Every structure is written in structure tokens, then in C-alpha cells.
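Report on the structure given below.
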Amino acid sequence: MSLKTAVLVEQSGVIPYRIQYGEIEVMLITSSASKRWVIPKGLIEPDMTPQDSAAKEAWEEAGLLGKVFPDLLGIYEYQKSGCICQVGVFLLQVQAVLEVWPEATKRNRQWVSIPKAIKRVNEPDLKLILADLSPKFW
């Protein structure tokens, strides 16, 4: 029996959040192809830190500007095109929500409560990262 070695692709992403009427909300976006609910994420740019690269993805994919916290919240994996993508997740404090952004025509975005976000995302480890958010930050 031979095991095919999967290619590991390193990515970084953010969980964008805001406080609205005293409640924490996070923004989810739809993936460009399958329209599943995901967080903004992408390949780590060669000349950028994972945090800066994740902030760029938040702008491109969701039209969000803000402050990325330096600490890694956790890592989750998913499969895409025969590769295993490993995503380092950071927290993004949203300071501006743009009406026009690069991928506006490809994706939907929505502010949701943390429990609703946990129900919507598919990846088990991302669900755990979201579930662990509440006590950590507020």
C-alpha cells in the first residue's frame, strides 16, 4: 500500500469581529466557488508576515480594514485541489467596512453571532477556534 504525499499549502486568515450593541459579531464570507461560509484567508505573500497577508485577504475578499492582533488563535486544515491547506488564524478588529472591494462580485458577506458562525462553517477545527474566542478576548 503506498501513501500519496499530499502537498501542504500554508495560508493565513482572520476572524473579523466587531462589537454591535454590546454583542460580539464576526463576519463570514462565502467561498468563491462552492459558496460555503468561510473566513477571509489565502496564501501567505512571500514579502509579508502571516498577519499582514491575512489583513490583505480581509480587504480583497470581504472589504474589511482593521487591526490584526499578533497572536495566532489556532490552525485548521481543509482540502482543496488535491492539496492540504493549513490556515493560521488571527483576530481582526474591524475598523472600516468598504462598500466596494476587489471580490465584491464573487462573494457574499454577513455579520453573525459566534454561535451562528460555528453552525455555518464546515471545518471542525475552525468551529473550535470560534468556540474558544469568547472567553479569550472580551
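Since this is a predicted model, take the numbers as computed values, not measurements.
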Practice task
Evaluate side chain to side chain contact (heavy atoms under 4.5 Å, CB included) for L43 paired with V9, printing each intermediate quantity in order.
Solution key: CA-CA 8 Å; L43 294 173; V9 178; 3.1 Å; yes

Exercise for the section: Determine the sole option in K116, Q20, R18 for which the side-chain hydrogen bond (donor to acceptor under 3.5 Å, both in side chains) test with E25 is passed. Expected result: R18

Problem - Whether K67 side chain and Q95 backbone form a donor-acceptor pair below 3.5 Å - result: no

Exercise for the section: List the atom of L92, the atom of A58, and the distance in Å for their closest heavy-atom pair. Expected result: CD2-CB, 3.8 Å

Fill in the blank from the handout: Minimal heavy-atom distance between K127 and I118, with the atoms involved, is NZ-O, 2.7 Å

Problem - Y76 with Y17, same ILVMFWY side-chain cluster at under 4.5 Å - result: yes

Problem - Check: S12 side chain, Q51 main-chain N or O, donor-acceptor pair, under 3.5 Å - result: no

Exercise for the section: Give the C-alpha distance, both sets of side-chain angles, the deciding distance and a yes or no for side chain to side chain contact (heavy atoms under 4.5 Å, CB included) between V94 and M27. Expected result: CA-CA 9 Å; V94 175; M27 182 175 282; 6.0 Å; no

Handout entry: Value rounded to 0.5 Å, distance of CG in N122 from OG in S34
Key = 8.0 Å

Practice task
Check the side chains of Q86 and E77 for a donor-acceptor pair under 3.5 angstrom, ignoring hydrogens and angles.
Solution key: yes

Problem - Check: R109 side chain, I29 main-chain N or O, donor-acceptor pair, under 3.5 Å - result: no

Exercise for the section: Carefully, step by step, assess L73 and F90 under the rule side chain to side chain contact (heavy atoms under 4.5 Å, CB included). Expected result: CA-CA 5 Å; L73 294 176; F90 299 90; 5.6 Å; no

Practice task
May I ask you to say whether E57 pairs ionically with K41, meaning some side-chain N is under 4.0 Å from a carboxylate O?
Solution key: no

Handout entry: Over 12 non-hydrogen atoms of neighbours within 6.0 angstrom of CD in E10
Key = no

Problem - Any donor-acceptor pair under 3.5 Å from S53 side chain to E45 backbone - result: yes

Fill in the blank from the handout: Only residue of T49, D52, V14, L91 satisfying side-chain contact (heavy atoms from CB on, under 4.5 Å) with V68 is V14

Practice task
May I ask you to decide whether E60 forms a salt bridge with K106, counting only side-chain N to carboxylate O separations under 4.0 Å?
Solution key: no

Problem - Atom of W111, atom of V97 and distance for their closest heavy-atom approach - result: CZ2-CG2, 4.0 Å

Fill in the blank from the handout: Scanning both residues in full, the closest heavy-atom pair of I39 with E61 reads O-OE1, 4.3 Å

Practice task
Write down the atom of I114, the atom of L130, and the distance for their closest heavy-atom approach.
Solution key: CG2-O, 3.5 Å

Problem - Transitive ILVMFWY side-chain link W59 to L28, under 4.5 Å - result: no

Problem - Least distance between heavy atoms, V87 atom then Y78 atom - result: CG2-CE2, 3.6 Å

Practice task
Check the hydrophobic clustering (I, L, V, M, F, W, Y; side-chain heavy atoms under 4.5 Å; chains of links allowed) and say if L133 and V112 are grouped together.
Solution key: yes

Practice task
Find the distance between CG (L8) and SG (C83) and round it off to the nearest 0.5 Å.
Solution key: 9.0 Å

Exercise for the section: May I ask whether V26 and I19 are part of the same hydrophobic cluster, defined by side-chain heavy atoms of I, L, V, M, F, W, Y residues being less than 4.5 angstrom apart, directly or through others? Expected result: yes

Handout entry: hydrophobic_cluster_shared for F69 and I44, side chain cutoff 4.5 Å
Key = no

